[in-house]
Amino acid sequence: MILVLNFLISCRPKSMALRPGTYRVGREEGNDIILSEFTVSRKHCLIFFKRGKWWVKDLKSKNGVYLDGKRVKGSAELKNGSRLYMGSFPAEVRIYSPRDYLEEGITPLPVRVTLWEDTVSLSASGILEKTVRENLLKLMENLDRMPGFELENQLKEVLSMAGVEGFGVVMHSGGEAVELLSIDAPALVSVYSEAPPEEEFQKELGDRILTNIPLKDSAFFLLTSTPPAPWLLSILKLVVRFLVLMQRQNLLVASGERAQESLTAEDSFFKAPIVFNSSQIKEVLEQVKKIAPLEGNVLIEGESGVGKEIIARLIHLWSPRHTGKFVPVSVPAIPETLAESELFGVRKGAVTGVMGRKGNFEEAHRGTIFLDEIGEIPYFLQAKLLRAVETGEIPKIGESMPVKVDVRVISATNRDLERLVEEGKFRRDLYFRLAEFKIYIPPLRERKEDIIPLAEAYARLFARLMVKPYVGISEEAKEALLSHSWPGNIRELKNEMKRAVIKMGDDGILTKDCFTLRAQGPVGGELERMERETILRVLERTNWNKTRAAQILGITRPGLISKMKRLGIEENKKGRTS
């Protein structure tokens with residue numbers, strides 16, 4: 001088995017590949033791998049292959065060896081996807097079969113790993129601070145749409161780089177500490193047995209130090225071997241503030257308060273940015289629960305902005321692949337000339353001046369790849385995509401043999417793929433491979449029960465972020481929200497609520513004047529009447545052939561059926577009337 005270490009800081013070389021053997025890592029000459037940085041001991045650790053597995057052994061180094069956030073005592077197995085920390089050198093572990101790795105890719109030894117010029121002047125703590133800060137700030141950018149499992153995994157990885165062995169966040173409620181997040185942390189009872197969370201304190205727990213930092217309406221604590229650095233506490237305060245806001249707005253739980261009434265207790269531990277109150281979304285989640293544990297590929301249909309990626313993430317998180325990567329790919333955003341290399345990767349040296357790199361499918365190995373707007377994929381690539389989906393073999397550019405990957409494919413589209421198949425713009429065999437399971441997400445205008453809960457959730461969120469008081473939405477404003485057709489769906493609603501909160505007065509009430517909604521012709525019952533008449537007219541014209549009627553209306557067949565249910569259109573088998 002070939003071991004590849006991809007370093008996560010600016011250094012040269014950026015990665016190395018090792019064939020089975022024993023390798024000593026340290027700062028001094030004579031080691032097989034020389035890490036030129038004073039946080040690395042002269043003889044730091046051993047990396048070796050034994051009994052069909054790769055291992056790392058700490059050689060009593062001063063700053064230790066950490067694997068997936070835990071200090072290595074003795075030896076520990078290196079697994080595909082693990083994070084290995086040797087001094088200030090964090091590295092991602094990748095393990096390949098010898099037949100999948102070219103001989104010329106093996107790193108000649110001994111090898112010296114040195115920092116790039118822009119980091120040489122930084123001290124070890126400066127390098128660490130810069131890396132941790134960048135990763136935590138990047139994490140914050142995605143907090144409002146990141147599922148809970150992924151958040152905890154990424155947060156654990158980043159904090160372990162700073163020597164944090166346990167981390168927890170609590171909220172104050174009725175004088176008690178309510179746990180929101182716990183990563184390798186002791187029970188709250190033992191943490192706060194001697195001091196309340198409202199007070200800042202440090203105390204020893206065995207050979208570790210517990211540091212508690214109180215905030216206005218919450219607190220966070222961390223376990224470290226030494227007192228945490230001030231810069232770490234400073235950035236964590238900002239992260240926790242945003243995390244608490246997300247939790248309060250129910251954007252990191254399986255549903256909002258109203259939705260909890262319609263879900264079982266079993267559902268509630270699943271975390272995802274979903275707020276709903278409609279039976280349609282409940283049905284979608286029931287489908288997801290059934291589909292997620294299976295290995296079939298999934299096609300998600302629905303208009304832009306309805307939350308197709310959120311549902312895709314749920315399928316991944318509720319599946320056996322949740323420990324692997326979820327790799328989202330926006331198909332229309334990839335230039336046609338680069339599409340093949342983006343999806344399948346390029347071998348180093350295959351093209352002059354181009355560095356080798358993994359494609360999206362390799363990144364998603366043992367996980368899930370999400371192909372958003374799959375209807376936009378160039379026709380010339382569809383045959384190669386079909387082979388990748390059918391056989392798990394990808395045609396990496398420059399490789400003489402295909403590369404094997406284990407990937408589940410989830411696709412999404414706002415177009416009618418069946419119609420594209422009939423028009424010869426999408427391969428029929430590829431369509432059937434991608435659509436082993438299908439999920440349809442109705443647009444927001446067809447599930448009006450979700451509009452106000454979503455609006456209120458976003459209003460509370462943006463009011464908190466803007467430090468503004470929020471009381472509620474006036475009845476007149478609610479009527480305006482319900483009357484709007486929301487062509488941009490949830491994405492449009494989110495942006496509208498952000499603008500409204502900016503204009504909201506000091507009384508904390510969102511009035512109709514706060515919104516920029518424009519009149520869109522007939523609303524309410526009149527709009528539904530016109531929509532019903534149009535659908536009936538097309539159905540009669542096609543002799544109630546729903547597939548053909550959907551094509552004429554420019555929607556998917558599931559979309560048409562959903563509209564028929566909402567508008568009370570039923571086919572009378574005797575006279576074909578409704």
With heavy-atom distances below 4.5 Å as the criterion, would you say the side chains of [X] and [Y] are in contact?
X    : Y    : value
T323 : R366 : no
I410 : I311 : no
I213 : L236 : no
F201 : L210 : yes
P378 : E340 : no
T368 : I315 : no
E362 : K396 : yes
E373 : K308 : yes

Heavy atoms of other groups near K57 NZ, more than 12 under 6.0 Å: no

Can you say whether the rings of [X] and [Y] are parallel (under 30°), tilted (30 to 60°) or perpendicular (over 60°)?
X    : Y    : result
F7   : F89  : perpendicular
F326 : H316 : tilted
W54  : Y23  : parallel

[Y] backbone acceptor or donor facing [X] side chain under 3.5 Å:
X    : Y    : answer
S82  : K79  : yes
T224 : V164 : no
D68  : R83  : yes

Inter-residue atom distance [X].[atom1] - [Y].[atom2], 0.5 Å rounding:
X    : Y    : atom1 : atom2 : answer
I394 : E399 : CD1   : CD    : 9.0 Å
L59  : L46  : CG    : CG    : 4.5 Å
F48  : L78  : CZ    : CG    : 9.0 Å
M1   : N80  : CE    : CG    : 8.5 Å
T211 : F220 : OG1   : CZ    : 9.0 Å
M16  : L5   : CE    : CG    : 6.0 Å

Derivation and outcome, side chain to side chain contact (heavy atoms under 4.5 Å, CB included), residues L385 and L371: CA-CA 11 Å; L385 178 59; L371 302 176; 4.2 Å; yes

Heavy-atom closest pair, residues [X] and [Y]:
X    : Y    : result
R408 : I291 : NH2-O, 3.1 Å
A339 : I334 : CA-CG2, 3.5 Å
V56  : V72  : O-CG1, 4.1 Å
A219 : P214 : CB-CA, 4.0 Å
E436 : G296 : OE1-CA, 3.2 Å
L35  : M86  : CD1-CB, 4.0 Å

Check ion pair E393-R387 (N to O, under 4.0 angstrom): yes

Stepwise side chain to side chain contact (heavy atoms under 4.5 Å, CB included) test for R313 and F370: CA-CA 8 Å; R313 287 180 180 274; F370 174 60; over 6 Å; no

D372-S330 side chain donor-acceptor pair, cut-off 3.5 Å: no

Option among R42, K43, H44, R24 that satisfies the side chain to side chain donor-acceptor pair (under 3.5 Å) test with N31: R24

side-chain contact (heavy atoms from CB on, under 4.5 Å) partner of L18, chosen from I106, I33, I2, D32: I33

Residue pair H365, K404: steps toward the side chain to side chain contact (heavy atoms under 4.5 Å, CB included) verdict: CA-CA 9 Å; H365 181 55; K404 292 287 291 183; over 6 Å; no

Candidate pair V65 and V25, rule side chain to side chain contact (heavy atoms under 4.5 Å, CB included), full reasoning: CA-CA 11 Å; V65 176; V25 182; over 6 Å; no

